[in-house]
Each structure stands twice: as C-alpha cells, then as structure tokens.
Amino acid sequence: MYIRKILLAIALIGLVVLGYFSFTIYQLIFSPNTSFDTEEHSVYISKKSDFSAVVDSLSPYLKDAGAFVQVAEKKAYHNNVKSGHFVLNKGMNNNEIINTLRSTNVPVDINFNNQNSLKELSERLSEQLDPTQDEIYAVLSDSLFLAGREMTEQQSLSLYIPNTYEFYWDSSPELVRKRLVKQNESFWTPSREKKRKALNLSRIDVSSLAAIVQKETAKVDERPRVAGVYINRLKRGMKLQADPTLIYALKKQLNRPDTIIKRVLNKDKLIVSSFNTYLNLGVPPAPIAMPDVSSIDAVLNYEEHDYLYFVADVENFGYHKFAKTLRQHNIYANKYRRWVNENKIYR
C-alpha cells in the first residue's frame with residue numbers, strides 16, 4: 001500500500017513536470033512574440049548576414065529574443081539563414097516567424113528616374129536592394145558586357161528605362177541588369193521602332209535627343225514641341241545648339257558633376273567636347289542623362305511645326321517662347337537676358 005502511494009505520487013509529479021514542460025514548450029513556440037505597434041514589419045536579411053546578424057536585427061521587434069533563438073535552433077534555422085525581404089505580422093509566434101523567414105521572400109518595388117551616369121544609377125539601386133553600389137556598378141559597367149553591346153559606359157544609359165520595377169530585394173546585380181535590359185527590349189515595341197526608323201535615328205540617338213528635351217523642360221506637355229524644334233534643326237542640317245549639352249560638357253571638363261549651372265555663357269560654347277552641340281553637327285554621342293518614357297515618346301511623337309528656336313518664358317515660368325525666325329527669337333531672348341540680369345543670375 002505504501003509503495004503504491006509512492007508510485008502514485010511519482011506519477012503525479014511526473015505528470016505535473018510533463019505538463020509544465022509541455023506548457024513551456026507550447027509557450028516558447030506558439031505564444032505571440034512580436035513587439036511592434038504596426039500591423040506588419042519588414043525585415044531585410046542580406047546575403048552577407050549570419051544567424052547572429054539576423055537576431056541582432058530582429059531583437060528590437062521581438063518580446064523575447066532568447067525564445068526566438070531557442071526555437072530557431074530546434075528548427076535548424078540557425079544553420080540555414082535565407083536572404084531577402086520578409087514581412088512579419090503583428091502577433092506572430094516564433095514558429096510562424098521562422099517559417100516566414102525560411103520561405104516567404106516578398107518582392108519589393110524599386111524605382112529610378114533621371115540619373116546622369118551609371119554610378120548614379122548604381123547608387124540609386126543600392127539604396128533599394130541588397131547589393132552595394134560598387135557591386136552593382138561593376139556589373140553595369142562591365143567591359144565585356146559593354147563591348148558586346150558596342151556601347152560606351154555613357155551610351156549604356158539608354159538601356160535603362162526609368163520606371164518602377166518589382167524585384168526580390170536580394171537579387172544579384174547580374175539579374176538586375178538582365179531584367180532591366182529585357183524591359184528595355186519590351187519598351188521598343190514595333191510601333192516605337194517604326195517611328196524611330198522614320199526619323200533615321202538609332203535607339204541611342206533617340207535617347208540622347210530625349211535627354212536634351214528632358215533637361216530643357218520639366219513640363220511633360222511641352223516636350224513634344226521642344227522635340228519638334230530639334231527635329232526641325234536636324235532635318236535642316238543645323239546644329240542643335242542645346243544648352244544642356246554645354247552644361248554637361250562643362251561639368252565633365254571641371255570634373256564636378258554636382259555643380260549647379262543656371263546660365264550658359266558665350267565662352268562655354270567654345271568648349272572642345274563631342275557633346276558641345278554648338279560646335280558639332282548632329283546628335284551627341286550618348287545621353288547626357290537618363291531620359292524617362294515621356295521624353296523618349298516626345299521625340300518619337302514630336303510636334304510637327306515650323307519653330308526653330310525657343311527660350312525660357314519669363315512670364316510663364318517653366319514654359320518657353322517659340323519662334324520661327326531668328327529675328328523673333330532674339331526679341332524673346334533679349335527679354336530673357338534682361339530678366340536673368342535683373343535677378344543677378346550670372347552663373
């Protein structure tokens with residue numbers, strides 16, 4: 001009888017201990033373990049991150065980082081960290097968090113606009129993706145890739161169409177380049193190709209001309225008219241005489257791409273550069289910046305008119321005064337010069 005009581009007591013104690021451990025394990029695995037007020041929180045895990053780095057980045061958003069570590073080790077996640085962008089929902093337990101980090105890489109939207117160089121584009125992409133600026137630039141400027149396309153580094157800006165794209169955050173630079181180039185091919189539809197050929201311009205030429213149009217006016221509705229002026233000059237064998245190309249050439253000469261130049265001077269027109277459209281006939285050899293879709297389409301769908309000149313309109317800022325004759329243009333230009341002098345804009 002006494003032995004039976006002892007055995008019963010041991011059994012009861014065992015049940016209590018088992019219940020305690022079962023409850024503890026249940027709590028460890030299935031109790032909510034998030035610590036953020038929003039409905040969801042994005043976690044970015046780099047390809048360079050190990051488990052320790054993951055824990056460090058997660059800790060501020062977990063109630064109990066130690067519990068997360070224990071469950072991660074039990075599920076062998078600590079030896080198999082996945083890179084990517086993961087979205088945690090408020091109230092997730094450790095089991096759900098680890099399953100999410102293991103298998104639910106969520107794409108991100110990235111965008112870029114009118115970068116002036118591959119280095120600027122690389123910097124912009126690196127702000128939104130896992131690879132560094134140097135890693136991306138090394139791939140975009142790869143000499144074998146450019147040689148295969150028969151392009152210079154600056155000309156290759158024409159391969160990348162400013163837009164919003166969906167990528168996995170941990171995409172490799174090679175994949176990013178491949179997809180952006182493929183998107184460029186899709187952009188050049190049969191309709192756009194037909195218009196380009198009718199202008200007797202290469203894709204690089206169209207991009208180069210579009211970049212000038214974009215620098216000339218921020219008003220999208222005015223871009224086809226500005227493009228029409230340059231098309232008219234090309235058809236008549238005139239020099240483009242585009243101030244944005246002088247500004248680009250001057251910045252290259254000074255090796256100061258961030259310099260702000262508000263006014264072009266006559267001496268700038270003497271700069272020896274293949275981008276100086278006051279000295280050279282035709283379209284510049286490469287885009288001076290990355291034109292967006294509206295500027296490219298403005299060139300392909302240029303406004304047909306007889307204008308050959310334009311200058312900033314000081315009465316309707318952002319827009320321009322257009323002229324068919326040099327005499328009329330000089331009247332508008334003198335008005336503009338008076339305005340910039342009155343406002344002490346000398347450079």
Side-chain angles (χ1 to χ4, degrees), residues 114 116-117 151-152 154-155 157-158 192 195-253 257 261-292 294-313 318-330 332-333 336-337 340:
N114 313 118
N116 297 312
S117 66
M151 289 181 171
T152 65
Q154 190 68 21
Q155 286 175 330
L157 284 182
S158 63
R192 286 190 173 106
K195 293 172 182 176
R196 176 187 69 76
K197 291 175 181 177
L199 288 170
N200 196 29
L201 297 174
S202 68
R203 291 183 183 180
I204 294 176
D205 288 337
V206 172
S207 184
S208 298
L209 200 54
I212 295 173
V213 170
Q214 183 153 315
K215 290 289 187 180
E216 290 283 18
T217 178
K219 303 296 185 180
V220 174
D221 61 320
E222 191 184 50
R223 286 175 179 169
R225 177 164 292 189
V226 172
V229 171
Y230 287 124
I231 295 297
N232 286 344
R233 289 182 183 178
L234 287 174
K235 287 180 177 179
R236 287 164 173 77
M238 297 171 61
K239 294 184 176 71
L240 293 184
Q241 296 186 331
D243 287 356
T245 64
L246 285 188
I247 293 172
Y248 176 83
L250 180 58
K251 288 181 178 182
K252 292 281 285 185
Q253 185 183 75
I261 300 173
K262 296 182 178 180
R263 185 174 182 177
V264 169
L265 307 178
N266 284 329
K267 66 177 182 179
D268 299 331
K269 298 174 183 179
L270 302 176
I271 294 173
V272 177
S273 168
S274 58
F275 287 89
N276 183 348
T277 56
Y278 277 83
L279 291 181
N280 304 298
L281 276 170
V283 180
I288 57 175
M290 186 182 295
D292 61 28
S294 70
S295 298
I296 296 172
D297 281 341
V299 171
L300 297 175
N301 302 284
Y302 67 93
E303 182 180 315
E304 294 187 25
H305 53 60
D306 296 324
Y307 297 126
L308 290 172
Y309 310 95
F310 64 96
V311 67
D313 186 347
Y319 286 94
H320 294 78
K321 287 280 193 180
F322 293 81
K324 298 177 183 179
T325 66
L326 184 58
R327 179 178 177 276
Q328 184 63 59
H329 171 67
N330 285 335
Y332 294 147
Y336 172 72
R337 290 190 193 97
V340 293

Heavy-atom closest pair, residues [X] and [Y]:
X    : Y    : answer
G318 : K219 : O-CG, 3.3 Å
A298 : A227 : O-CB, 3.4 Å
R196 : L201 : NH1-O, 2.7 Å
P291 : N114 : C-ND2, 4.2 Å
K215 : I288 : CG-CD1, 3.9 Å
G282 : L240 : O-CD1, 3.6 Å

I'd like to know if the side chain of [X] pairs up with that of [Y] as donor and acceptor (distance under 3.5 Å, no hydrogens or angles considered).
X    : Y    : result
N301 : K195 : yes
T277 : Q241 : no
D221 : Y319 : yes
Y278 : D243 : yes
N232 : K235 : no

Straight-line distance of [X] [atom1] to [Y] [atom2], nearest 0.5 Å:
X    : Y    : atom1 : atom2 : result
T325 : N330 : OG1   : CG    : 8.5 Å
S274 : Q154 : OG    : CD    : 10.0 Å
I296 : M290 : CD1   : CE    : 10.0 Å
N266 : L246 : CG    : CG    : 10.0 Å
I247 : F275 : CD1   : CZ    : 14.5 Å
D313 : Y336 : CG    : OH    : 11.5 Å

Test K239 against N280 for side-chain hydrogen bond (donor to acceptor under 3.5 Å, both in side chains), laying out the working first.
-> CA-CA 7 Å; K239 294 184 176 71; N280 304 298; over 6 Å; no
Kindly check if the number of other-residue, nucleotide or ligand heavy atoms within 6.0 Å of NZ (K269) is above 12?
->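 Enclosed: over 12 neighbouring heavy atoms sit under 6.0 Å from NZ of K269.
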State, yes or no, whether a side-chain contact exists between [X] and [Y] at a heavy-atom distance under 4.5 Å.
X    : Y    : value
V226 : F322 : yes
F310 : T217 : no
M238 : L308 : yes
R223 : S294 : yes
L234 : L199 : no
D205 : V299 : no
H320 : V311 : no
P244 : E216 : yes

Before accepting this row, confirm whether a basic side-chain N of the pair R192/D297 lies closer than 4.0 Å to the acidic partner's carboxylate O.
->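 Yes, this pair counts.
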Mind running side chain to side chain contact (heavy atoms under 4.5 Å, CB included) on L209 and I231 for me, showing each step along the way?
-> CA-CA 9 Å; L209 200 54; I231 295 297; 3.7 Å; yes
Q155 side chain to T152 backbone, donor-acceptor under 3.5 Å =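 Present.
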Short question: side chain of S208, backbone of I204 - any donor-acceptor pair under 3.5 Å?
->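 Yes, the answer is positive, given that a donor and an acceptor are paired below the 3.5 Å cut-off.
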Which of these passes side chain to side chain contact (heavy atoms under 4.5 Å, CB included) with Y309: K321, Q328, R233?
->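 Going through the options one by one, the only one that passes is R233.
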Under the 6.0 Å and 45° cation-pi test, does R225 pair with Y307?
->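 Output no; distance or angle outside limits.
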